[in-house]
Engineer: 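Here you go, one structure.
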Amino acid sequence: MAPTGEVAALLERLHELVCRSRMSPRTEKSYAYWIQSLASFHEGRDPSTLALHEIEAFLTHLATDRKVAASTQNQAVAAILFLYRRVLAMDLPWLDEVKRAKGVKRLPVVLSREEVRKVIGELDGVPKTMSLLLYGSGLRLMECARLRVKDIDFDRQSIYVRDPKGRRERAALLPRTSYHALRRQVNDVRRLHAQDLRRDAGYVQLPSAVAQKYQNAGRQLSWQWLFPATRIHRCRETGQPRRHHFHETAVQRAVTAAVQRAGIMKRASCHTFRHSFATHLLEDGQDIRTIQELLGHRDLATTMIYTHVVNRGPHGVRSPADRI
C-alpha cells in the first residue's frame, strides 16, 4: 500500500530529523519501513490518531501472525517510540507501557582456524581480500565496504574505521597477510580513478561536512572507496557520475557459496569472521579489554560473550566421559 498523505509527510519529517541527528541511513530505512507497516496495518490511518491497544495489536500481529524474531519485534518498537517521541513530539505516558520482546541469548557461530583457511581459500578477487580483513581485523562487513584509500596506514599497520556503528571510530589491526593484496587494491583503484577522471567522472560520495568544506575532495584519490563498484552511477541529487563502494551483498553471496564448497556445516556468514577474530584472540591469551577496543564495543559485556565460546569443550571443563 502506497503511503497516504499524512504518512508521506511523516516520512519526510523522519528524513529531516535523521539528517539533523546524523543517524545511519539504514536506521532511517528501517524506521520508515515500520512506520509504513504500522499505518498499513490500520488501513492507512494517521499514526498520531492511534491508541495504545491499536499499537499493541500491531506488535501482537508481528509475533503471532508474521512470527518475527524478538529482535525484529524490538526493532519495530524502537521505530514506534522514535516516531511518537521524536518525529511527532507527542508526550504520551502510555508509550512506557509498550513492552519489548525477550529474545534468546545465542552464542555466536565461530569457525576454527582451519575452517577459516578453507573458506578463504575458496574465495578470490575482492570478496577474498575483504574476507581477509573481516577475519584479520575484526571489521564489520559495512565497515570494510566503506573503507577509503586514506584509511589504510601501511607504516603503522593500522586500518582507521571511520563513522562505524555506534560512532566509535577506532584503529583496527592491519594483518600482514593482507599487505600485498591491499597494495594491489590501492594500485587498482589508482588506475581506475585515473580512467574515471579522463572521462570527466571520478566523483565519490563524501560525508556531508567534508563535502561542504572541501568541494574538490570528491575527486581526490585519497577519498575514493578502497573497494569500488564496477559501474558508475549518476547521483540523483547532484548529477555527478560516481562510483559506489563494492556492494555488500556480493560479498555475502560469495562467502555463503565458499562455506558450502568448503563442506562446513556451520551456519557461517561474513559476520562469523568477526566472531572468529575475537575468539581466536582470546584463545591466544589477548586481554579482553584490548579485544573490546579492537572490536569497537561500547560495553565490555558485549565482548564478554566470546569468553563463553572459549570456555566450551577443550578450552574449558573436561567432560566426565573422557575420564572413563
Side-chain angles (χ1 to χ4, degrees), residues 1-106 140-143 145-146 161-170 205-209 211 236-237 248-249 271 295-299 301-302:
M1 178 185 294
T4 61
E6 293 86 354
V7 176
L10 282 180
L11 296 180
E12 182 62 30
R13 289 163 63 183
L14 170 69
H15 175 70
E16 294 173 358
L17 184 57
V18 165
C19 291
R20 288 201 307 269
S21 304
R22 299 192 64 188
M23 297 170 65
S24 165
R26 291 195 162 205
T27 301
E28 178 188 357
K29 183 178 180 181
S30 171
Y31 283 7
Y33 170 79
W34 289 116
I35 291 171
Q36 288 181 274
S37 297
L38 174 64
S40 297
F41 180 76
H42 291 288
E43 300 180 345
R45 282 178 55 193
D46 183 353
S48 64
T49 66
L50 298 178
L52 173 60
H53 72 273
E54 292 173 309
I55 293 178
E56 289 183 331
F58 170 67
L59 297 175
T60 301
H61 159 73
L62 295 181
T64 59
D65 298 332
R66 292 179 53 177
K67 293 181 171 53
V68 301
S71 58
T72 303
Q73 187 176 352
N74 286 335
Q75 188 182 76
V77 172
I80 291 170
L81 294 178
F82 188 87
L83 167 66
Y84 286 99
R85 288 175 172 166
R86 299 289 301 278
V87 180
L88 293 172
M90 297 176 67
D91 185 16
L92 302 176
W94 51 258
L95 281 175
D96 295 327
E97 300 178 29
V98 175
K99 303 297 183 182
R100 294 178 181 264
K102 292 185 178 180
V104 178
K105 290 187 177 181
R106 302 186 185 279
R140 300 178 178 92
L141 177 56
M142 291 309 301
E143 292 174 347
R146 291 172 179 164
V161 184
R162 312 291 185 182
D163 199 20
K165 179 181 178 182
R167 299 195 176 279
R168 290 174 57 84
E169 293 191 354
R170 68 187 190 278
Q205 179 184 359
L206 295 174
S208 57
R236 289 185 296 179
E237 297 178 355
E248 63 275 11
T249 57
H271 206 66
L295 292 174
H297 287 161
R298 185 180 302 274
D299 191 344
T302 307

Engineer: Tell me the closest heavy-atom pair linking S48 and M90, and the distance in Å.
Structural biologist: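 That closest heavy-atom pairing would be O-CE, 3.8 Å.
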Engineer: Should R170 and E143 count as an ion pair when the cut-off is N to O under 4.0 Å?
Structural biologist: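 So R170 pairs with E143 through a salt bridge.
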Engineer: Just by modelled atom types, is the A89 backbone N or O under 3.5 Å from a matching donor or acceptor in the R85 side chain?
Structural biologist: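 Side chain of R85 to backbone of A89, a donor-acceptor pair under 3.5 Å: no, none is there.
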Engineer: Is a donor on one side and an acceptor on the other found under 3.5 Å between the side chain of H42 and the backbone of E54?
Structural biologist: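 Yes, H42 side chain to E54 backbone: donor-acceptor pair under 3.5 Å.
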Engineer: Are there more than 12 heavy atoms of other residues, nucleotides or ligands under 6.0 Å from atom CZ of R66?
Structural biologist: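 Above 12, so yes.
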Engineer: Any donor-acceptor pair under 3.5 Å linking the side chain of T60 with the backbone of E56?
Structural biologist: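 Indeed, once roles are kept as given, a pair shorter than 3.5 Å links the two residues.
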Engineer: Give me the atom names and distance for the closest heavy-atom approach of V87 to R13.
Structural biologist: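 Looking at all heavy atoms of both residues, the shortest contact is O-NH2, 2.9 Å.
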Engineer: Please walk me through it: do F41 and H61 pass ring pair (Phe, Tyr, Trp, His ring centres under 6.0 Å)?
Structural biologist: CA-CA 9 Å; F41 180 76; H61 159 73; 4.9 Å; yes
Engineer: What's the shortest heavy-atom distance between L62 and A76, and which atoms?
Structural biologist: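 The pair with the smallest heavy-atom distance is CD1-CB, 3.7 Å.
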Engineer: Of all residues at least two apart in sequence or in a different chain, which pass the salt bridge (charged side-chain N to carboxylate O under 4.0 Å, His left out) check with E28?
Structural biologist: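 Salt bridge (charged side-chain N to carboxylate O under 4.0 Å, His left out) check on E28 returns nothing, list empty.
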Engineer: Checking side chain to side chain donor-acceptor pair (under 3.5 Å) against Q75, which of Y31, W34, Y33 comes through?
Structural biologist: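 When Y31, W34, Y33 are each tested with Q75, the side chain to side chain donor-acceptor pair (under 3.5 Å) holds only for W34.
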Engineer: Among R26, R146, R140, whose salt bridge (charged side-chain N to carboxylate O under 4.0 Å, His left out) with E248 holds?
Structural biologist: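 Looking at R26, R146, R140, the match for E248 under the salt bridge (charged side-chain N to carboxylate O under 4.0 Å, His left out) is R26.
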